[in-house]
Amino acid sequence: MNGSRSESDWQGLVGEYLVCKRKLESKKEALLILSKELDSCQQERDQFKLMANQLREKHQSLKKKYQELIDGDPSLPPEKRKQVGFISD
């Protein structure tokens, strides 16, 4: 061959180019979908973290109030007070 490409060579290259272009577009769309899904998952994770922190704070607050009630009840014998202390930990 003299270095020039035939018409069928060019058509083959154009066909390969178009296939590659379609694959790239498909991957681009898939990446966009995955990116949106990742954003959604990150927002959900942040909401769960916030809820977990709120529950943890509420638990600590209730635990403290419960302990204050137990400590403030003079009618509770010392052995019962120790038992209740174990339960609240």
Side-chain angles (χ1 to χ4, degrees):
M1 223 169 175
N2 60 6
S4 64
R5 297 195 184 262
S6 69
E7 183 67 24
S8 65
D9 289 341
W10 282 112
Q11 286 178 355
L13 289 173
V14 168
E16 284 182 46
Y17 167 77
L18 292 175
V19 167
C20 289
K21 188 175 175 182
R22 281 195 300 269
K23 284 182 179 180
L24 180 60
E25 281 299 315
S26 177
K27 289 178 187 212
K28 184 175 139 186
E29 290 171 14
L31 186 58
L32 185 60
I33 291 168
L34 288 172
S35 178
K36 287 179 181 179
E37 189 173 336
L38 176 61
D39 288 342
S40 174
C41 288
Q42 287 173 333
Q43 288 177 357
E44 191 175 338
R45 177 207 58 202
D46 293 344
Q47 290 172 348
F48 281 127
K49 276 185 170 181
L50 181 62
M51 287 175 18
N53 286 336
Q54 290 171 340
L55 286 172
R56 194 174 295 113
E57 289 171 7
K58 182 73 172 174
H59 174 260
Q60 290 299 324
S61 172
L62 290 173
K63 185 176 167 182
K64 182 178 177 185
K65 285 181 185 178
Y66 180 70
Q67 192 61 48
E68 288 170 356
L69 285 174
I70 298 305
D71 292 344
D73 186 355
S75 67
L76 202 60
E79 60 275 357
K80 287 288 186 190
R81 194 177 305 252
K82 286 180 185 175
Q83 262 184 336
V84 171
F86 285 130
I87 293 171
S88 68
D89 286 341

- Query: How long is the gap from OG on S26 to NZ on K28, to the nearest 0.5 Å?
  - Reply: 11.5 Å
- Note on the structure: Value for OG (S8) from CG (L13), rounded to nearest 0.5 Å, stands at 9.5 Å
- Item | Pairwise distance CD(Q43) to SG(C41) - rounded to 0.5 angstrom | 10.0 Å
- Just how far is it from atom CG of L55 to atom CZ of F48, taken to the nearest 0.5 Å? 11.5 Å
- Query: Looking at CZ of R56 and CD of Q60, how far apart are the two atoms once the value is rounded to the nearest 0.5 Å?
  - Reply: 9.0 Å
- With sequence neighbours left out, the residues meeting side chain to side chain contact (heavy atoms under 4.5 Å, CB included) with L62 are K58
- More than 12 heavy atoms of other groups within 6.0 Å of E37 CD: no
- Full working for side-chain contact (heavy atoms from CB on, under 4.5 Å) between L32 and E29: CA-CA 5 Å; L32 185 60; E29 290 171 14; 5.6 Å; no
- From L34 CG over to D39 CG, what is the distance, rounded to the nearest 0.5 angstrom? 11.0 Å
- Note on the structure: In E16, K23, K21, the residue satisfying side chain to side chain contact (heavy atoms under 4.5 Å, CB included) with V19 is K23
